[in-house]
Amino acid sequence: MARRKIDLHQGRAAVDELFSHADYASLPRAVQATAIRFSLEELADRAPGKTVEVRVPPFGVTQCIDGPEHTRGTPPNVIETNPETWMELITGEIDWDQAVASGRLQASGSRADLTDWLPLFHPPRTAPPSEDRT
């Protein structure tokens with residue numbers, strides 16, 4: 001299990017804000033940073049290991065996916081993307097193949113594929129409207 005730095009409630013609140021905005025780039029930088037860092041922690045928790053390095057500069061990096069561990073230099077399995085693309089991936093706005101095909105995500109190495117783990121989050125559930133009993 002990955003060690004968490006982002007409080008679960010704060011992280012989920014930041015992710016929930018992603019679902020309420022059509023344009024992720026318009027979110028305050030602090031919300032973007034919290035959502036991205038929280039999502040990287042969540043990915044490492046769901047797919048533990050040190051085979052793949054996921055980079056979302058300037059906000060964060062994590063290692064995940066079980067397999068041969070990398071300890072020095074540039075890892076053989078690297079995924080790198082910009083913050084907006086990562087936010088779209090973790091919320092299901094775009095899928096893995098779309099991100100790769102568009103060139104908005106670079107993935108190198110035979111294990112550098114997060115298809116099985118994305119999207120990480122789904123929209124928050126809303127309570128059904130209460131019936132008016134007047």
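In this text the structure is predicted, and so the values were computed from the model without any measurement.
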Review point. Is there a side-chain contact between I79 and L105 (heavy atoms, below 4.5 Å)?
Key: yes
Check your understanding: Would L18 and F121 count as a side chain to side chain contact (heavy atoms under 4.5 Å, CB included) if you check the C-alpha gap in whole Å, the side-chain angles of each, and the deciding distance to 0.1 Å?
Key -> CA-CA 10 Å; L18 298 181; F121 305 105; over 6 Å; no
Review point. How long is the span from the CH2 atom in W96 to the CG atom in D116, to the nearest 0.5 Å?
Key: 11.0 Å
Point to revise | Transitive ILVMFWY side-chain link V61 to V52, under 4.5 Å | key: no
Review point. Between A44 and T62, which heavy-atom pair has the shortest distance, and what is it?
Key: CB-OG1, 3.4 Å
Point to revise | Closest approach of P83 to I36 (non-hydrogen atoms, all atoms of both residues) | key: CB-CD1, 3.5 Å
Check your understanding: Quick one: OG1 on T91 to CG on L89, what's the gap to the nearest 0.5 Å?
Key -> 8.0 Å
Review point. Hey, quick one: are F59 and V15 part of the same hydrophobic cluster, counting side-chain heavy atoms closer than 4.5 Å, chains of contacts allowed?
Key: yes
Exercise for review: Work out which heavy atom in K5 is nearest to a heavy atom in E41; give both atom names and the distance.
Suggested key: N-OE2, 2.8 Å
Review point. Can you find a heavy atom in the side chain of F38 that is under 4.5 Å from one in the side chain of D7?
Key: no
Point to revise | Q10 side chain to T34 backbone, donor-acceptor under 3.5 Å | key: no
Review point. Residues in side chain to side chain contact (heavy atoms under 4.5 Å, CB included) with D66, at least two apart?
Key: none
**Study point:** L118 and L43, any side-chain heavy atoms less than 4.5 Å apart
**Key:** no
Check your understanding: Is there a side-chain contact between M87 and V56, using heavy atoms and a 4.5 Å cut-off?
Key -> no
Review point. Same cluster or not: are L27 and I94 linked, directly or through other Ile, Leu, Val, Met, Phe, Trp or Tyr residues, by side-chain heavy atoms under 4.5 angstrom apart?
Key: yes
Review point. Looking only at heavy atoms, what is the nearest atom pair of A25 and Q32, with distance?
Key: O-NE2, 3.4 Å
**Study point:** Heavy-atom side-chain contact between R4 and E42 under 4.5 Å
**Key:** yes
Exercise for review: Compare every heavy atom of C64 with every heavy atom of A47, then report the nearest pair and how far apart it is.
Suggested key: O-CB, 3.2 Å
Point to revise | For A107 against A112, the heavy-atom pair lying closest together | key: CB-O, 3.5 Å
Review point. Which pairs with one or both residues in residues 16-37 pass salt bridge (Lys or Arg N to Asp or Glu O under 4.0 Å), sequence neighbours excluded?
Key: R12-D16
Check your understanding: With hydrophobic residues grouped by side-chain heavy-atom distances under 4.5 Å, do V100 and I90 end up in a single group?
Key -> yes
Practice item. Could you pull out all residues at least two apart from E88 that satisfy salt bridge (charged side-chain N to carboxylate O under 4.0 Å, His left out)? Key: R104
